[in-house]
A.B. asks: 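This is the structure I want to talk about, given as structure tokens.
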Amino acid sequence: MVSTKVVKYSPWLLHFNTGACNGCDIEVLAALTPYYDPERFGVKLAPNPRHADVMVVTGAVTKKAGERLNRLYEQMPSPKFVVAVGACAISGGVFSGSYSVLNGANKVVPVSMYVPGCPPRPEAILYGIVKLLSKLDGGGNE
Amino acid sequence: MSLIEIPVGPQHPALHEPIMLRVKADGERVVDVQVVTGYNHRGAEKLGERNTWSKNVFLYSRVCGICNTVHAQTYTQGVEAIGNVEVPPRAQYLRTLIMELERIHSHMLISAVMAEIVGFDSLFMLIMRDREPVMMLKELVTGNRVLSDYYTLGGVRRDVDEVKKDKILKVLESVEGRMKYYKKVFEEDFTLSRRLGGVGVVRHDEAVRYSLVGPTLRGSGVKSDVRADDPYAAYGEIPFNVITYDGGDSLSRMLVRFDETLESIEMVRYILNHLPQGPIAPKTPIRIIPAGEAFSRVEAPRGELFYHIVSKGGDKPYRVKVRTPSFHNIINGVIAYREANIADVPVILASVDPCISCTERVLVIDERSGKARSLRLKDLSRGLLDGS
Amino acid sequence: MSSVLDFLKSSGLNQLGSKQPRRYVFEVSAERLREVVGGLAKFKNIYVSSISGVDYVSEGFIEINYCLWVVDERFMVITKVRVPRDSPKVPTIYDLIPGALNSELEAYDLLGVVFEGNEKLRRGFLTPSEVASQGLFPLRKDFKV
């Protein structure tokens, strides 16, 4: 197993919108700008799933996007982690029960950290990721 | 030379709807673009039929997070038209205020994303930094940064006092200065004008025939703005100019947004200085709406937003049809890709404001050998991935 | 009096009332739809705002609202077409006004209205494959969530 120590100091993020209203997405984007300075934690957006350590999932996971979510997760190298951002990615939110929604990212991939809110503030998103890093010594999902 | 098919999508980090463009290219030239949709289809129209009238205000705010108040406005004004609900004038002004604040932050966001897509990362970071105070103003007025849930049937939920007013005016003054500067950058910077000017041209007559809306339509010189043509909320009483540019290219569409942002700042000032006194919401909540139907239109930051609401009486809607501006601009906007280079595809897509900033892996299939090989979009459009 | 309204009134269409300002609602039969929309398309600056289908299950018909915005004269023309639920078929207007394409695709995928002559119609435009493969249309009232 690759040491999680490598991930701990520079967790690169892969952001995937699985059918979000964009509210969480612009907050994730805002969390990556200088105002919140994510690079002090080594947090940076990865250009490619094969470079990513942490996948940030937003949105209610539509059935069509669910297949893509699974594919993206498989493309990520181990150790890998998933952070579900927002009420929709946790449980489907207001869209739970719809014919085209799977109700939450944990129906498709194992989720390590949940960040509640509709949408969560950028500080909360960063806090969730940093909190995940402090858990890292336990090892990631293979 | 054989045609190459390049799927662009559907994973985008800051995308409105995760769509996929299937680009057919002959070398560098784009021959055909097909749009593959459905990744973000959540069935909100069907869900609306099971919720009550007042619950739906929350559901339809969540159709789009960036323009959530305009969705709430379109829905509530449609329901209010069916139910003959009078909205107090102060509430109408406050609704207009929050919609204009939303337009400012939305236009700043797409300007930032556009700067990032053409590879001007520092400009992206700068505009995003200056956008944060506007988000804080939204929080000041509504209580939340993004999804405000400011609306209630017949009114709004929070009032603005003198302290908040002074704060808003002060912040907007600095935002105005910054936006004037960024407009100058977009107009005068050599790289930006070469990268955007003359790219993705949509002629005046085509823009209307292909049902493009909003800044995309006005960037082709068509003077059509729901706020002026079909006034709602307090827009009938607030002076403002409808901005048009005649170029029809990506640069014109961006400049429309800059001028609209400056116009919106003026409108917010007017609203705050002419805020009527009175209640902001009806005393009793509205629960039952009589039978009827309404065709509700609002100018969202991206263009005309349309709701068709049918009521058969009672506490639930019979049918709510939602048609968002991006639905027209993305799918019918494929005409803008004719004769474009592959590297221009992200620029044109961003210029219709679907909030795209791709972190993409692209698959190129060489039809002659039938062999698939992977390469990243970065190789096609430099700067697209850096820092995003 | 505007020329667009003159044209619609002279076509002998039945005008329905509307509570909202700047909305003109007309009833059109499926046979005359192309004639009316074709006539409207000759005017300058008219675009298809939306094609909105409503399933009236107890009445047994699907109503399709063609909402067209007249840019220069600043009003909306809504033409209502009623088709039976068991065979909802209307001619396409996509060749007359190309901007109607996405709205027709959506109405076919979600409501099952067949736009005859539009060769681009397909299931799965928006719906997930398991709904589309069962031949179900989510916005029909008998479709349970």
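The figures here come from the full heavy-atom set of this structure, side chains too, leaving out hydrogens, waters and symmetry mates. Note on naming: letters A, B, ... go to the chains in the order of the sequence lines (proteins, then strands), and numbering restarts at 1 for each one.
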A.B. asks: Sub-3.5 Å donor-acceptor pair from the side chain of K46(B) to the main-chain atoms of F143(C), do we have one?
C.D. replies: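 Such a contact is found between K46(B) side chain and F143(C) backbone.
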A.B. asks: Side chain from CB out, backbone as N, CA, C, O: work out which of these in P138(C) comes under 4.5 Å of a heavy atom of chain B, or both, or neither.
C.D. replies: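 Backbone only.
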A.B. asks: What part of A207(B) gets within 4.5 angstrom of chain C, counting heavy atoms only: side chain, backbone, both, or neither?
C.D. replies: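 It is neither, since no heavy atom gets under 4.5 Å.
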A.B. asks: Minimum heavy-atom separation for S103(C) to H328(B), with atom names?
C.D. replies: OG-CE1, 3.8 Å
A.B. asks: Which atoms of D72(C) are under 4.5 Å from chain B, going by heavy atoms: the side chain, the backbone, both sets, or neither?
C.D. replies: neither
A.B. asks: What part of F75(C) is in contact with chain B, defined as an atom under 4.5 angstrom from a non-hydrogen atom: side chain, backbone, both or neither?
C.D. replies: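 Neither part; nothing is under 4.5 Å.
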A.B. asks: Please list, chain by chain and in numerical order, all residues satisfying salt bridge (Lys or Arg N to Asp or Glu O under 4.0 Å) with K89(C), sequence neighbours excluded.
C.D. replies: none
A.B. asks: In terms of side-chain heavy atoms, does R323(B) have a donor or acceptor partner in S49(C) at a distance below 3.5 Å?
C.D. replies: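 Yes.
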A.B. asks: So which heavy atom on D230(B) is nearest to which on R22(C), and how close?
C.D. replies: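 Reported closest heavy-atom pair: OD1-NE, 2.7 Å.
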A.B. asks: Give me the atom names and distance for the closest heavy-atom approach of N45(C) to V208(B).
C.D. replies: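 The pair with the smallest heavy-atom distance is CA-CG1, 3.4 Å.
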A.B. asks: Which answer fits K223(B), side chain, backbone, both or neither, if we ask what part of it has an atom under 4.5 Å from a heavy atom of chain C?
C.D. replies: backbone
A.B. asks: Quick one: are S50(C) and H308(B) in side-chain contact, heavy atoms under 4.5 Å?
C.D. replies: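 With C-beta onward as the side chain, the pair stays apart.
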A.B. asks: Sub-3.5 Å donor-acceptor pair from the side chain of Y318(B) to the main-chain atoms of D55(C), do we have one?
C.D. replies: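 Flag set: sc Y318(B) to bb D55(C) pair under 3.5 Å.
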A.B. asks: Given that the side chain runs from C-beta out, which part of E45(B) has a heavy atom under 4.5 Å from chain C: side chain, backbone, both or neither?
C.D. replies: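 For E45(B), backbone and side chain are both near chain C.
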A.B. asks: Any salt bridge between E293(B) and K80(C), counting N to O under 4.0 Å?
C.D. replies: yes
A.B. asks: Got more than 12 heavy atoms from elsewhere within 6.0 Å of NZ, K55(B)?
C.D. replies: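 No, NZ of K55(B) has 12 or fewer neighbouring heavy atoms, counting only those of other groups under 6.0 Å.
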A.B. asks: Could you tell me which non-hydrogen atom of A100(C) sits nearest to which non-hydrogen atom of S211(B), and how far apart they are?
C.D. replies: N-OG, 4.5 Å
A.B. asks: Relative to chain C, which segment of P231(B) carries a heavy atom at a distance below 4.5 Å: side chain, backbone, both, or neither?
C.D. replies: both
A.B. asks: So for V213(B), is it side chain, backbone, both, or neither that comes closer than 4.5 Å to the heavy atoms of chain C?
C.D. replies: side chain
A.B. asks: Given that the side chain runs from C-beta out, which part of R122(C) has a heavy atom under 4.5 Å from chain B: side chain, backbone, both or neither?
C.D. replies: side chain
A.B. asks: Can any side-chain N or O of D229(B) pair as donor or acceptor with the backbone N or O of R74(C) at less than 3.5 Å?
C.D. replies: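 The answer is no, because no donor-acceptor pair under 3.5 Å joins these two groups.
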A.B. asks: Assert yes or no for the condition that the ring centre distance of Y47(C) to Y210(B) is strictly below 6.0 Å.
C.D. replies: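 So the answer is no for these two rings.
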A.B. asks: What residue in E106(C), K141(C), K19(C), M76(C) has the most heavy-atom pairs under 4.5 Å with chain B?
C.D. replies: K141(C)
A.B. asks: How far apart are the C-alpha atoms of R297(B) and R23(C), what are their side-chain angles, what is the distance that settles it, and do they pass the side-chain contact (heavy atoms from CB on, under 4.5 Å) test?
C.D. replies: CA-CA 11 Å; R297(B) 298 170 77 237; R23(C) 305 281 188 275; 3.9 Å; yes
A.B. asks: What are the two closest heavy atoms between K312(B) and S58(C), and how far apart are they?
C.D. replies: NZ-OG, 3.9 Å
A.B. asks: Which atoms of L68(C) are under 4.5 Å from chain B, going by heavy atoms: the side chain, the backbone, both sets, or neither?
C.D. replies: neither
A.B. asks: With only heavy atoms counted, which part of V57(C) is less than 4.5 Å from chain B, the side chain, the backbone, both or neither?
C.D. replies: both
A.B. asks: For E49(B), is it the side chain, the backbone, both, or neither that has a heavy atom closer than 4.5 Å to a heavy atom of chain C?
C.D. replies: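 Interface part for E49(B): side chain.
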A.B. asks: Less than 4.5 Å to any heavy atom of chain B: does that hold for the side chain of L105(C), its backbone, both, or neither?
C.D. replies: neither
A.B. asks: For the residue pair L139(C) and R319(B), establish whether any side-chain heavy-atom pair is separated by less than 4.5 Å.
C.D. replies: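 Yes - at least one pair of side-chain heavy atoms lies under 4.5 Å apart.
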A.B. asks: Does any backbone or side-chain atom of F295(B) lie under 4.5 Å from a heavy atom of chain C? Answer side chain, backbone, both or neither.
C.D. replies: both
